[in-house]
Amino acid sequence: MQIPNRLLMGPGPSNVTPDVLDALSQPTIGHLDPVFQSLMEEVKDLLRYAFQTSNAMTFPISAPASLAMEAALVNLIEPGDTALIVQNGVFGGRMADIAARAGANVVLLAFDWGTPICLETVERAIRQYPQARLLSFVHAETSTGVRSDAASLCKLAHDAGILSVVDTVTGLGGVPVAVDDWQADVVYSGTQKCLSVPPGLAPITFSEKAVQGIRSRKTKVQSWFMDLNLVLGYWSGEGGRSYHHTAPVNAIYGLARGLADLKAEGLEASWERHRRMHLRLAEGLRNLGLDFLVEEEHRLPQLNTVVVPADINEAFVRSKLLMDQGIEIGAGLGTLAGKVWRIGLMGHTARAENVDRLIGALEEALAEARRRAVA
Ligand SMILES: *Cc1c(COP(=O)(O)O)cnc(C)c1O
């Protein structure tokens, strides 16, 4: 099948660089081959750079990011544990579902979609549930375009002796993530957002405290595949690597290349590029008379939630962009369905020529939608 070239400006996947695509097509070798093992070490080091951590247990899970979310929670939770789960969009809701299935008593801290997590409310909940095992939240909510204060949330958990679980699937590479400075316990991401690597792998990092907690569980982790105690035999290389599952060898080539590119650009430069492209987009949107859902100070540069004007058919505009211009933007999810568009400026997509192309195409699509509404 001939796959079209799309400009991917939705909530992920983002556009993949040609050198990552080249890396993916190198010859497949055995996953226990010494050459592949040294590549694994390289990937772990590059991930430590991306996450800004010295955590030994830092590696990519062989699965999409949702499985990293699940791995974080099922490894930390034992049946009967209290889990403080924050929800200010779609992904916090998914965390609550996973935690409940793992047998946790879930305390859900819910906030309006489009707003950041309120620190005072979380602080109060931590005081009310001192026995809680963990606090789990989303740093960069892709469903709403909101950034929350991960550093302060992790500090609240850390000071109370509670483990923190941070979803920064959309954050990593696009906005500052500092796992060690935050003293965060489990932090995970995905490849297909600001890392510009195809979907299917999920970088994750565990603090020493989290690893100790997992090693001293009273019950077995409910999932064989996600049980960190077993996975580590493969990824940690302690006492020689043992077979756990066949690593997605070629996908790891691609991740290694994408992470090396990020390091060559530099994290700070990457954050700055995302910020500048967001400002460029914001100016273009303003000229088209479009507004953001989220207040300026809480906006994610890499995920822009734009309010659909009352006179516009939102699905028509999206399909026009895709079918006529080859540009993908995202629809609203959950309570925001039909009300917003989600414009991603992630990774390789976050470049001036792409922003300008989208603004031009959007102007045309909006005019066409209005002509049709009148006709
Ligand atoms: C995309 C995303 C996920 C899920 O990633 P998948 O690779 O689709 O499983 C989880 N959390 C957030 C915040 C995301 O943006």
Side-chain angles (χ1 to χ4, degrees), residues 8-16 47 50-51 59-74 85-99 110-111 113-117 135-150 153 164-177 184 186-205 223 225-226 248 251-252 254-255 258 274 293-294 298-305 328-334 336 340-347 349-350:
L8 300 176
M9 304 191 96
S14 57
N15 284 111
V16 175
L47 283 176
F51 277 124
F59 62 96
I61 294 183
S62 306
S66 299
L67 200 104
M69 180 191 287
E70 192 143 10
L73 295 168
V74 301
I85 310 277
V86 183
Q87 181 181 21
N88 64 334
V90 165
F91 292 99
R94 191 176 289 187
M95 285 177 169
D97 191 0
I98 292 169
F111 301 93
W113 291 33
T115 66
I117 298 163
L135 170 73
S136 185
F137 66 91
V138 179
H139 172 218
E141 240 310 340
T142 322
S143 62
T144 63
V146 167
R147 170 176 13 185
S148 287
D149 181 354
L153 288 162
S164 53
V165 174
V166 185
D167 177 317
T168 192
V169 176
T170 284
L172 194 68
V175 289
V177 171
V186 186
V187 183
Y188 60 86
S189 189
T191 45
Q192 77 272 29
K193 313 244 168 144
C194 294
L195 299 182
S196 269
V197 172
L201 291 174
I204 193 165
T205 184
S223 155
F225 187 77
M226 284 180 270
I252 302 272
L255 177 59
H274 284 86
L293 174 79
V294 178
H298 305 303
R299 283 175 203 160
L300 281 170
Q302 65 271 50
L303 196 286
N304 299 269
T305 314
E328 178 180 273
I329 65 168
L333 289 181
L336 296 173
V340 299
W341 293 301
R342 291 182 300 149
I343 301 177
L345 296 173
M346 299 178 181
T349 298

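Order of appearance sets the numbers: ligands from 1, and atoms from 1 within every ligand. Sequence positions, counted from 1, serve as the residue numbers for this chain. Since the model is a prediction, treat every value here as computed from it, not as a measurement.
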Min side-chain heavy-atom separation Val165-Tyr188 under 4.5 Å: yes
Quick one: does any side-chain atom of Asn304 pair with a main-chain N or O of Ile343 as donor and acceptor, under 3.5 Å? yes
Do any N or O atoms from the side chain of Ser196 and from the backbone of Asn15 form a donor-acceptor pair under 3.5 angstrom? yes
Could you point out which residue of Met346, Gln302, Met9 forms a side chain to side chain contact (heavy atoms under 4.5 Å, CB included) with Ser14? Met346
Has the side chain of Arg147 got a donor or acceptor atom that lies under 3.5 Å from a matching backbone atom of Leu300? no
Under 4.0 Å from ligand 1 - residues by heavy atom, chain and number: Pro64, Ala65, Ser66, Phe91, Val138, Ala140, Thr142, Asp167, Val169, Thr170, Gln192, Lys193
When you measure from the side chain of Thr142 to the backbone of Thr170, do you find a donor-acceptor pair of N or O atoms at a distance under 3.5 Å? no
